Amino acid sequence: MPELPEVEVLARHLAPLLRGKTIRAVHVLRSKVIRPTSVKKLEKSLIGAKFTSLHRRGKYLLFELQRSNAGQIACLGHLGMTGRMFLQPKAAPLPKHTALVLDLGRLNFVYEDTRYFGRFTLDNASVEALGPEPLSEAFDADSFALELKRSAQPIKVKLLDQGLVAGIGNIYASEALFRARISPRRKARSLKRDEVQRLHREIRVVLQEAIDCGSTIPLDFAGEASKDRLFYFGTSAESSQFYEERLQVYDRDGKPCVTCKFAVKRIVQAARSTFYCPKCQR
DNA sequence: CACCATGTTCCTTG
DNA sequence: CCAAGGAACATGGT
């Protein structure tokens, strides 16, 4: 469930559930996801620590914990393509691809990830390379324009660069460009001032709308029912219908453009699918 | 069997 | 040194 809005909704959901809880034990079932941190170091750092806060930065989750004597510590989470994080009763069976479990006493914090592309680590290097938060003042149209001027990549590909602006993924890159009426094939440096301004605005609008949408869904992350409630995840009729209404071009290859009825086109850029309306987006 | 999938990182090439 | 391109990672769905 991994773009900025999904991670934001998850962070808001988990923050109050984790606050004040103390980690009794750490179980690493897939050491790959904690690299470069070692199992020993993670255990030593986390056992006995208490969750104090949880924030999102780009697509990352930043867990802050207080250790009884040793002061504060920060932990970084990332969902990769297929990761989920939730709380469940200690007695509940763990999902097949559970990568890490934090024993919180009565409850377990579970991180499961089918493809194991995600992370749960003490290493925060990747967060420091992130560009501005798109929904904050730090993301301003002028600096955005300057950055785009330095790139010869197609604008769609450039939007996926987390150093340009943090949190946009493959779905919202297509959606923002559609709303801004800009072709994903344009070179980043070729965008005119007003196009950059439209794109800057639509990035913020589409992400904020998605957060608002996700925030209204009754969330149940734990157990079996959790899997398919959110966003693009899930193929249950209820959730996919809910989601499809919000996506205007993504995954609509051959279907009529919601604005002009022309067929939406799928192309491949940097080995990823891009969807756009050739008529509306120039 | 083929191709597709919400992401990042590492290695190579120019 | 830097930007850009492509493969790799791992599993499951269609």
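Order of the sequence lines fixes the chain letters, A, B, ..., with proteins taken first and strands second; residue numbering starts at 1 for each chain. All values derive from a computational prediction rather than experimental measurement.
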Output yes when at least one side-chain N/O atom of [X] is less than 4.0 Å from OP1 or OP2 of [N], else no.
{"X": "A:R119", "N": "B:dG7", "value": "no"}
{"X": "A:H78", "N": "B:dT8", "value": "yes"}
{"X": "A:Y116", "N": "C:dT11", "value": "no"}
{"X": "A:K96", "N": "C:dT11", "value": "no"}

Exercise. Is it the case that A:R30 places NZ or CZ above or below the six-membered ring of A:Y116, under 6.0 angstrom from the centre and within 45 degrees of the axis?
Worked result: yes

Problem set entry | Sidechain N-carboxylate O distance under 4.0 Å for A:E195, A:R186 | yes

Problem set entry | Presence of salt bridge, A:E202 and A:R198, under 4.0 angstrom | no

Gap between atoms [atom1] and [atom2], on [X] and [N] respectively (whole Å):
{"X": "A:R35", "N": "B:dC10", "atom1": "CZ", "atom2": "C1'", "value": "10 Å"}
{"X": "A:L76", "N": "B:dT9", "atom1": "CG", "atom2": "P", "value": "10 Å"}
{"X": "A:R266", "N": "B:dC4", "atom1": "CZ", "atom2": "P", "value": "6 Å"}
{"X": "A:Q269", "N": "B:dA5", "atom1": "CD", "atom2": "C1'", "value": "17 Å"}
{"X": "A:K59", "N": "B:dT8", "atom1": "NZ", "atom2": "C1'", "value": "9 Å"}
{"X": "A:E6", "N": "B:dT6", "atom1": "CD", "atom2": "P", "value": "12 Å"}
{"X": "A:D253", "N": "B:dA5", "atom1": "CG", "atom2": "C1'", "value": "15 Å"}
{"X": "A:R272", "N": "B:dC3", "atom1": "CZ", "atom2": "P", "value": "18 Å"}

Proximity to the side chain of [X] - top-ranked nucleotide from [options]:
{"X": "A:S151", "options": "B:dG7, C:dA4, C:dG12", "answer": "C:dA4"}
{"X": "A:R30", "options": "B:dT6, B:dT9, C:dA10", "answer": "C:dA10"}
{"X": "A:P2", "options": "C:dT11, B:dT6, B:dT8", "answer": "B:dT6"}
{"X": "A:S273", "options": "B:dA5, B:dT6, C:dA10", "answer": "B:dA5"}
{"X": "A:I171", "options": "B:dT6, B:dT8, C:dG12", "answer": "B:dT6"}

For this session: Just call it for A:K158: base, sugar-phosphate, or nothing, with non-hydrogen atoms closer than 4.0 Å on any strand.
Result: nothing

Exercise. Which is true for A:A152 with a 4.0 Å heavy-atom rule: it touches a base, it touches only sugar-phosphate, or it touches nothing?
Worked result: sugar-phosphate

Exercise. Short question: side chain of A:E147, backbone of A:S143 - any donor-acceptor pair under 3.5 Å?
Worked result: no

For this session: Could you tell me if the ring centre of A:Y250 sits under 6.0 Å from that of A:Y172?
Result: no

Give me the distance, rounded to whole Å, that separates [N] from [M] when you measure between the [atom1] atoms they each carry.
{"N": "C:dA8", "M": "B:dA2", "atom1": "P", "value": "16 Å"}
{"N": "B:dC11", "M": "C:dA10", "atom1": "P", "value": "15 Å"}
{"N": "C:dA4", "M": "B:dT6", "atom1": "C1'", "value": "23 Å"}

Problem set entry | Base-pairing mate for B:dT6 - Watson-Crick or G-U, with both contacts under 3.5 Å | none

Problem set entry | Residue matched to C:dA10 through Watson-Crick or wobble contacts both under 3.5 angstrom | none

Exercise. Would you call A:F117 stacked on C:dA10, i.e. ring centres under 5.5 Å apart with the planes less than 30° off parallel?
Worked result: no

Exercise. Could a donor-acceptor pair under 3.5 angstrom be found where the side chain of A:R150 meets the base of C:dA3?
Worked result: no

Exercise. Applying the 4.5 Å side-chain criterion to the ILVMFWY set and letting contacts propagate, would A:L199 and A:Y276 be lumped into a single cluster?
Worked result: no

